[in-house]
**Q** 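To start, I am sharing the structure in question, which I have written as structure tokens.
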Number of protein chains: 2
Amino acid sequence: MNKNYMRAIPKAWRNIAKVFTALGDEHRQRILLTFEPGERLNVGQIVEVATLSRSAVSHHLKILREAGVLESVKEGKAVYFWIAKDFLTDALQTVIEHVRKNV
Amino acid sequence: MNKNYMRAIPKAWRNIAKVFTALGDEHRQRILLTFEPGERLNVGQIVEVATLSRSAVSHHLKILREAGVLESVKEGKAVYFWIAKDFLTDALQTVIEHVRKNV
DNA sequence: TCAACATAACGATATATTTGAACATATGGC
DNA sequence: GCCATATGTTCAAATATATCGTTATGTTGA
């Protein structure tokens, strides 16, 4: 039993905590699943299919970006988002490996 | 662009959504990290190291169990929990594979 | 029956989510 | 340049959800 409760979160998990929080919301999952392979989408395109206001979509996109799950770039008036594929798979792989070794 | 926003969540993700929600909380992460390899712990043992009341710990354990991350059995007066290692790794692997194929 | 252990019920507080309005920025027509 | 429009973000306020502790309830074993 690891009694070091208040210090137990490994460094590698620091970013991952945000990933889990980001992916723990149903709207944010649906947004992720809206992207097709290699695709970039702007806010307006996501608002079109989502059942949320523009500002709510913007809010969720911000959370996903701050978690590292999405990346974005502003091009003219629009802001384009895409999925940070490598970051996301690496983050989840880190947790899998931790569980395999330490559980 | 996948426009089927309201139906976009794959069957395989149904359970996984709960996993992400469960792992998105810092206390629940710390609880998970309290378990050492192959170990079973009862509620009282976790309360000892946690900085939460017994009922709060019980609440978090319930969320983890309902997400499938923990399993439990009652033995006498105590309820013992352990990490559902295979379920957890499989669930995360499912997401990784989805991302690799579809992102 | 009593004590130990765990969960459930309840209310209080904190955090998250959501929308509409205000604000910021880029584009294009005049 | 100047104004209107298109696109996003931020803010404030309302609502909803989550978290937590206290207390009550249920179960098991001595």
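Just so we're on the same page: letters track the sequence lines, and every chain starts at 1. Predicted model only: the values in this text are computed from it and were never measured.
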**Q** For E26(B) and dA14(C), give me the distance from atom CD to atom P, rounded to whole Å.
**A**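 Spelled out: CD on E26(B) to P on dA14(C) is 18 Å.
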**Q** To the side chain of K77(A), which of dA8(C), dA6(C), dT27(C) is closest?
**A**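 Per side-chain heavy atoms of K77(A), the pick is dT27(C).
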**Q** Let's see if you can work this out: which of dT7(C), dT17(C), dA21(C) has an atom nearest to the side-chain heavy atoms of R65(B)?
**A**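 The listed nucleotide nearest to R65(B)'s side chain is dT7(C).
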**Q** Respond yes when some side-chain nitrogen or oxygen of H60(A) is under 4.0 Å from OP1 or OP2 of dT18(C), and no when none is.
**A**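 H60(A) to dT18(C) OP1/OP2: side-chain N or O found under 4.0 Å.
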**Q** Could you check whether any side-chain heavy atom of F35(A) comes within less than 4.5 Å of a side-chain heavy atom of I46(A), counting everything from C-beta outward?
**A**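 When only atoms from C-beta onward are counted, I46(A) and F35(A) do touch, with a gap below 4.5 Å.
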**Q** Using a heavy-atom cut-off of 4.0 Å to chain A, what are the terminal contacting nucleotides of DNA chain D, in 5' to 3' order?
**A**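 That gives a stretch of dA6(D) to dT10(D).
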**Q** Heavy atoms only, 4.0 Å cut-off, all strands: where does I63(B) land among base, sugar-phosphate and nothing?
**A**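 Sugar-phosphate, backbone atoms only, no base.
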**Q** Taking all non-hydrogen atoms of both residues, which atom of N2(B) and which atom of L33(A) are closest, and how far apart?
**A**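 That would be ND2-O, 3.4 Å.
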**Q** Could you measure the distance from the CG atom of N102(A) to the NZ atom of K85(B)? Nearest 0.5 Å is fine.
**A**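 Here the interatomic distance stands at 8.5 Å.
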**Q** Measure from the side chain of K62(B), starting at C-beta and using heavy atoms only, and say which of dA8(C), dT18(C), dT7(C) lies closest.
**A**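 Minimum distance to the K62(B) side chain belongs to dA8(C).
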**Q** Do the side chains of L41(A) and E36(A) get nearer than 4.5 Å, heavy atoms only?
**A**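 Result no, sub-4.5 Å side-chain heavy-atom pair not found.
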**Q** Applying the side-chain contact (heavy atoms from CB on, under 4.5 Å) test to F20(A), which of V19(B), L23(B), D25(B), T21(B) qualifies?
**A**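 In the set V19(B), L23(B), D25(B), T21(B), the residue that makes a side-chain contact (heavy atoms from CB on, under 4.5 Å) with F20(A) is L23(B).
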**Q** On DNA chain C, check which nucleotide each of H59(A) and K74(A) is closest to and give me the residue with the more 5' one.
**A**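 Here H59(A) is the residue nearer the 5' end.
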**Q** V57(A) or T21(A): which one's nearest nucleotide on DNA chain C is closer to the 5' end?
**A**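 Counting from the 5' end, the first nearest nucleotide belongs to T21(A).
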**Q** Does H60(B) reach the side chain of L52(B), with side-chain heavy atoms less than 4.5 Å apart?
**A**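 Heavy-atom side-chain distance check passes, below 4.5 Å.
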**Q** Using a 4.0 Å heavy-atom cut-off, does A78(A) contact any base of the nucleic acid, only the sugar-phosphate backbone, or nothing at all?
**A**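 It contacts sugar-phosphate atoms only.
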**Q** Would you say R54(A) places a side-chain N or O within less than 4.0 Å of OP1 or OP2 belonging to dG20(C)?
**A**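 Answer no for this pair, as no side-chain N or O of R54(A) is under 4.0 Å from OP1 or OP2.
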**Q** Could you tell me the separation between the OH atom of Y80(B) and the C1' atom of dC5(C), rounded to a whole number of Å?
**A**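 My rounded result for the distance is 11 Å.
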**Q** Specify the closest pair of heavy atoms between E39(A) and T34(A), including all atoms of both residues, with the distance to one decimal.
**A**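 Here E39(A) and T34(A) meet closest at OE1-O, 3.9 Å.
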